[in-house]
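Because only heavy atoms are used, hydrogens play no part in the values below, and waters and symmetry mates are left out as well, while side chains stay in. Counting starts at 1 for both ligands and their atoms, in listed order.
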Amino acid sequence: MWKWTGRTCCGVAHVALCKPRVLGFEIDAVNSVQFSNHTGYTHWSGQVLNSSELQELYKGLKLNCVNKYDYVLTGYTRDASFLSMVVDIVQELKQQNSRLVYVCDPVLGDKWDGEGRMYVPEDLLPVYREKVVPVADIITPNQFEAELLSGRKIRSQEEALVVMDVLHSMGPDTVVITSSNLPAPRGSDYLIALGSQRTRRPDGSTVTQRIRMEMRKVDAVFVGTGDLFAAMLLAWTHKHPDNLKVACEKTLSAMHHVLQRTIQCAKAQAGEGRKPNPAQLELRMVQSKKDIEDPEIVVQATVL
Ligand SMILES: Nc1ncnc2c1ncn2[C@@H]1O[C@H](COP(=O)(O)OP(=O)(O)O)[C@@H](O)[C@H]1O
Ligand SMILES: *[C@@H]1O[C@H](CO)[C@@H](O)[C@H](O)[C@H]1NC(C)=O
Ligand SMILES: *[C@@H]1O[C@H](CO)[C@@H](O)[C@H](O)[C@H]1NC(C)=O
């Protein structure tokens, strides 16, 4: 569908502006960085786009009156002024199309060994809380990011549901906590993801559907999984706007297929008993085309 570049810890981010077409999406991708390699590699070099350069690109679209989009997708960002510029652009795009859906992966950090650590500058947090999340329609934080954005800890499923309600009250109708360290019924080999979707009835009242999913952990560090997740969630919520359960089942199932193919290929390349390197662990996206387009459902969501 489109180019999804790595996010983890350091690297390659992008803004994607999308208009849905027959089966896929027509994409205008803005490379907020252009690097030789993601930063998990030993060597990498390239350029970083700054906020005035982003504004310049947007100005060009506007002058040609081709600034009508249905979706905006953003990921890893390290610069507060760049992030603010993204929000300004999203707001203007929403004036052009009031139905525009902004999908935001609020990349802030992660929990390793139970201890949360931010891997973007701390001045991004207030920008996410005060400017980005209020204009976002769909957000995909991990547990640590959901805690930072809501200002509350998650120690149980109940607390996670409260946190998702707090996040709804800040703006987005759809919240997916993509991974958490909550105990999984199937054991410590599994990670828990949670989702919550608020829909408005014609009479103005709201209903909230909440779901839980379990996904088998793979013993490797991948780069680009967060971007892949957010991009597929965008596509599947487009197909199933009022059914987060189905959208998440397809997203997580496709994730499973991509990661299984990737780890199997990586292990074969690394050889018996050797740890695969970052190049061997590159997500097998092209090889997984069919799984991405029509994933066999292997992850079932539970409605809470
Ligand atoms: N090692 C892994 N094992 C299983 N699933 C993974 C693994 N790494 C990433 N994923 C999948 O990728 C999704 C995004 O993960 P990640 O890139 O760590 O972003 P986040 O930190 O936002 O959860 C997770 O929801 C999970 O489905
Ligand atoms: C990065 O480096 C590897 C070699 O380590 C190379 O095979 C690959 O094509 C490079 N580019 C990307 C985008 O990974
Ligand atoms: C962005 O980069 C351009 C060069 O392309 C430079 O002239 C400008 O001052 C930079 N702006 C900011 C805000 O850093």
Handout entry: Heavy-atom nearest neighbour of atom 18 (O) of ligand 1 within options D110, L233, N142
Key = D110
Problem - Top protein contact for atom 3 (C) of ligand 3, by heavy-atom distance - result: N50 ND2, 3.6 Å
Problem - S179-N142 side chain donor-acceptor pair, cut-off 3.5 Å - result: no
Practice task
Determine the sole option in D105, T178, T251, T174 for which the side chain to side chain donor-acceptor pair (under 3.5 Å) test with T140 is passed.
Solution key: D105
Fill in the blank from the handout: Note: ligand 1 atoms sitting under 4.0 Å from heavy atoms of T178 are 20 (P), 22 (O), 23 (O), 24 (C), 25 (O)
Practice task
Could you tell me whether the side chains of Q197 and Q209 share a donor-acceptor contact shorter than 3.5 Å?
Solution key: no
Handout entry: Side-chain donor-acceptor contact under 3.5 Å, H168 with S196
Key = yes
Handout entry: Expected output: side-chain Q143 to main-chain N181 donor-acceptor under 3.5 Å
Key = yes
Handout entry: ligand 1 contact by R216, heavy-atom criterion under 4.0 angstrom
Key = yes
Problem - Backbone or side-chain N or O of T225 under 3.5 Å from ligand 1 N or O - result: yes
Exercise for the section: Take every heavy atom of A220, measure it against each atom of ligand 1, and state whether any distance is under 4.0 Å. Expected result: yes
Exercise for the section: Considering only protein heavy atoms, determine whether one is less than 4.0 Å from atom 9 (O) of ligand 3. Expected result: no
Problem - Under-4.0 Å salt bridge between R284 and D291 - result: no
Handout entry: K217, NZ atom: more than 12 neighbouring heavy atoms under 6.0 Å
Key = yes
Problem - Under 4.0 Å to a heavy atom of L252 - the qualifying atoms of ligand 1, by number - result: 27 (O)
Handout entry: S179 N/O under 3.5 Å from ligand 1 N/O
Key = yes
Practice task
Answer yes or no: does an N/O atom from S52 fall short of 3.5 Å to an N/O atom of ligand 3?
Solution key: yes
Problem - Joint cluster assignment, M213 & V303, ILVMFWY side-chain distance < 4.5 Å - result: yes
Handout entry: L228 and ligand 1 - part of the residue with a heavy-atom distance under 4.0 Å
Key = neither
Exercise for the section: Would you kindly specify which portion of L259 sits under 4.0 Å from ligand 1, judged on non-hydrogen atoms: side chain, backbone, both or neither? Expected result: side chain
Problem - With E147, the side-chain contact (heavy atoms from CB on, under 4.5 Å) member among E159, K153, R155 - result: K153
Practice task
For K217, take its heavy atoms, then give the atoms of ligand 1 lying under 4.0 Å from any of them.
Solution key: 3 (N), 4 (C)
Practice task
Show which atoms of ligand 1 fall inside a sub-4.0 Å distance from at least one heavy-atom site of V218.
Solution key: 1 (N), 2 (C), 3 (N), 4 (C)
Practice task
Return the option from M232, M255, Q143 holding the heavy atom at the smallest distance from atom 11 (C) of ligand 1.
Solution key: M255
Exercise for the section: Verify, without hydrogens or angle tests, whether R152 (side chain) and A146 (backbone) share a donor-acceptor contact under 3.5 angstrom. Expected result: no
Problem - Close-contact set for ligand 1 against F229 heavy atoms, below 4.0 Å - result: 13 (C), 25 (O)
Exercise for the section: Looking only at distances, please establish whether an N/O atom of ligand 1 is found under 3.5 Å from an N/O atom of L191. Expected result: no
Exercise for the section: Would you indicate whether K245, at its atom NZ, is surrounded by more than 12 heavy atoms from other residues, nucleotides or ligands within a distance under 6.0 Å? Expected result: yes
Show me the donor-acceptor pairs, under 3.5 Å and distance only, between side chains in residues 83-94 and residues at least two apart or in other chains.
from, atom 1, to, atom 2, distance (Å)
S84, OG, A80, O, 3.1
E92, OE2, Y58, OH, 3.2
E92, OE2, K62, NZ, 2.9
K94, NZ, V135, O, 2.8
K94, NZ, D137, OD2, 3.0

Fill in the blank from the handout: atom 5 (O) of ligand 3: closest protein heavy atom, distance to 0.1 Å, is E53 OE2, 2.5 Å
Fill in the blank from the handout: M215 heavy atoms within 4.0 Å reach ligand 1 at atoms 5 (N), 27 (O)
